[in-house]
Amino acid sequence: MAEKYRVGIIGCGGIANYHMNGWNGVDQVEVVALADPVAAAREEFGDRHGIAQRYEDFRQMLDDEMLDIVSICTWHKLHAPMTIAACARKPKAVLCEKPMATSLGDCDDMLIAARRNQVKLAIAHQRRFNPAWTLAKELVAEGAIGEVRQVNACGGQGLLNDCSHLLDMMRYVMGDPQAVWVMGNIERKTERFERDIPIEDRSLCVVQFDNGAVGQLLQELAGPNYQGGIFYGSEGIIELDESKVRLLNSQTGTWEERPGEGEDPSVGQQREIVEWIEGKVEHRGQAENGRAAVEIIMATYESARLHEVTALPLRTMASPLEVMIEAGDLPVERPGRYDIRAFLLRGEDMQQEG
Ligand SMILES: NC(=O)c1ccc[n+]([C@@H]2O[C@H](COP(=O)([O-])OP(=O)(O)OC[C@H]3O[C@@H](n4cnc5c(N)ncnc54)[C@H](O)[C@@H]3O)[C@@H](O)[C@H]2O)c1
């Protein structure tokens with residue numbers, strides 16, 4: 001049998017187990033090494049998955065292991081520096097967790113690093129491989145609801161976390177249209193953080209896509225919050241969640257439920273990485289799509305900062321949310337930093353090292 005692609009995992013917390021699930025489902029790869037500065041994380045993860053090579057310093061792993069594929073499973077702020085460091089060692093591919101980065105400038109640095117080292121870079125919006133989401137995409141492409149006019153979704157935990165999946169869903173199901181403009185607003189009266197990045201308390205985002213559809217995302221403003229949404233077309237409606245599609249049009253007459261059945265999205269996502277390495281032209285989660293979700297999010301913050309419709313492409317490379325916080329434009333009325341994901345940290349830490 002041909003030699004297997006050597007995979008290394010950076011960051012051995014929750015989502016790394018899901019990456020392992022995906023890699024374990026693909027015959028052509030073997031996870032050979034891991035890196036995490038927290039000894040307990042290294043040992044638990046390494047023992048659970050039978051990975052012998054364990055590194056405290058991810059750069060040491062990259063230097064020593066001649067990896068073909070790098071899985072980046074750390075918190076958002078580390079995605080850009082780790083992707084750039086991984087690309088500099090010229091693996092064949094990097095699969096980095098979402099959100100791609102915490103600013104558009106960082107997304108672009110990651111794309112540059114990937115291009116100059118000829119590395120295939122994908123962002124883990126794995127729901128693109130969710131059978132229900134793909135079924136919805138196929139129905140839209142077949143014209144089952146006519147022209148999509150509006151998409152509604154509700155999310156939580158700040159725009160960059162779960163909501164990046166929802167914006168990615170809007171684009172994926174509609175065949176990846178480009179965003180043309182964004183109008184949004186946010187409220188931040190507490191010192192709210194999520195995995196060490198500042199987030200808003202509430203926000204809303206309205207985005208015009210170049211296929212004519214308008215997306216609407218409510219963050220901590222309305223429920224229920226779930227990974228899915230409602231697509232209103234000129235000739236029907238699709239309601240989508242992670243397990244099923246519901247379709248209403250003149251042919252169905254009444255709501256028709258179609259289960260999305262198929263393999264685990266992590267396996268599909270990782271298999272397509274191998275296919276991409278071996279010549280497939282595109283990966284569904286290729287970095288340009290990860291960047292597109294971050295751009296809509298940053299444009300929402302920019303619209304709130306400048307009180308105007310933000311035309312895309314966005315030219316502000318820093319996070320407008322961080323700019324607003326630093327400029328004192330979002331005075332905190334209820335002081336005291338809190339991180340809604342502080343429970344993920346181990347030992348005495350309350351903040352992750354940068
Ligand atoms: N795609 C999805 O559906 C999905 C779901 C959950 C999380 N995520 C993403 O995964 C990322 C990680 O989230 P998580 O919940 O797994 O976090 P986690 O806290 O459970 O795991 C992060 C791990 O990274 C390690 N780490 C920190 N600094 C490091 C460094 N310098 N080198 C190597 N490892 C380091 C930590 O010790 C920890 O073990 C986040 O960006 C999150 O958005 C994605």
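For this chain, numbers begin at 1 and follow the sequence in order. Note that ligands are numbered from 1 as they come in the structure, with each ligand's atoms numbered from 1 the same way.
In E278, the CD atom is crowded: over 12 heavy atoms of neighbouring residues, nucleotides or ligands sit closer than 6.0 Å. The number of heavy atoms from other shown groups lying within 6.0 Å of CE (M317) is above 12. For CD of E308, the number of neighbouring non-hydrogen atoms (other residues, nucleotides, ligands) closer than 6.0 Å is greater than 12.
Among P37, G285, A41, the residue whose heavy atom sits closest to atom 29 (C) of ligand 1 is P37. The heavy atom nearest to atom 18 (P) of ligand 1, out of those in W75, Y18, F45, is found in W75.
Salt-bridge check for E220 with R192: passed, with a basic side-chain N closer than 4.0 Å to an acidic carboxylate O. Using a 4.0 Å cut-off between a side-chain N of Lys or Arg and a carboxylate O of Asp or Glu, R54 and D47 qualify as a salt bridge. Electrostatic pairing of R246 and E256 does not count as a salt bridge here, judged by no charged N lying under 4.0 Å from a carboxylate O.
Contact annotation for R346 and ligand 1: no heavy atom of the residue comes within less than 4.0 Å of the ligand. Residue contacts with ligand 1 for A16 are absent, since no atom lies close enough (heavy atoms, distance under 4.0 Å). Counting heavy atoms under 4.0 Å from ligand 1, residue R195 touches it through the side chain alone. When heavy-atom distances to ligand 1 are checked against a 4.0 Å cut-off, L345 has no atom that comes that close, whether in backbone or side chain. At a heavy-atom cutoff of 4.0 Å, ligand 1 is contacted by no atom of H125, backbone or side chain. When non-hydrogen atoms are compared, ligand 1 lies under 4.0 Å from the side chain of E97 (C-beta onward) but not from its backbone.
The CD1 atom of I9 sits 5.5 Å away from the SG atom of C73 when rounded to the nearest 0.5 Å.
Remark: the backbone N or O of L314 is paired with a side-chain donor or acceptor of E295 at under 3.5 angstrom.
For ligand 1, the atoms sitting less than 4.0 Å from at least one non-hydrogen atom of H76 are 40 (C), 41 (O), 42 (C), 43 (O), numbered in the order shown with element in parentheses. Near N161, with a cut-off below 4.0 Å to any heavy atom, the atoms of ligand 1 are 43 (O). Listed by number with element, the atoms of ligand 1 under 4.0 angstrom from any heavy atom of V38 are 37 (O). Taking a cut-off of under 4.0 Å to the non-hydrogen atoms of C12, the atoms of ligand 1 that pass are 23 (C), 39 (O). Atoms of ligand 1 lying under 4.0 Å from at least one heavy atom of I10, given by number and element, are 33 (C). Of all atoms in ligand 1, numbered sequentially from 1 with element shown, those under 4.0 Å from a heavy atom of A124 are 1 (N). Those atoms of ligand 1 with a heavy atom of H79 less than 4.0 angstrom away are 41 (O). Every atom of ligand 1 with a heavy atom of D36 under 4.0 Å away is listed here by number and element: 23 (C), 24 (O), 25 (C), 33 (C), 34 (N), 36 (C), 37 (O), 38 (C), 39 (O).
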Q: Could you give me the CA-CA distance, side-chain angles and deciding distance for Y172 and H165, then say whether ring pair (Phe, Tyr, Trp, His ring centres under 6.0 Å) is met?
A: CA-CA 10 Å; Y172 178 60; H165 279 302; over 10 Å; no
**Q.** Working for side-chain contact (heavy atoms from CB on, under 4.5 Å), residues I340 and I199
**A.** CA-CA 10 Å; I340 62 172; I199 57 168; 3.9 Å; yes
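Considering backbone and side-chain atoms together, G14 places an N or O closer than 3.5 Å to an N or O of ligand 1. Between I15 and ligand 1, at least one N/O pair is under 3.5 Å apart.
Side-chain atoms of H19 and E97 form a donor-acceptor pair, as typed in the model, at a separation below 3.5 Å.
Every heavy atom of D57 sits 4.0 Å or more from the atoms of ligand 1. Within the 4.0 Å heavy-atom cutoff, R341 does not count among the residues contacting ligand 1.
Cluster partners of I237, by chain and number: Y226, I230, Y232, L248, W255. The rule joins Ile, Leu, Val, Met, Phe, Trp and Tyr whenever side-chain heavy atoms lie under 4.5 Å apart.
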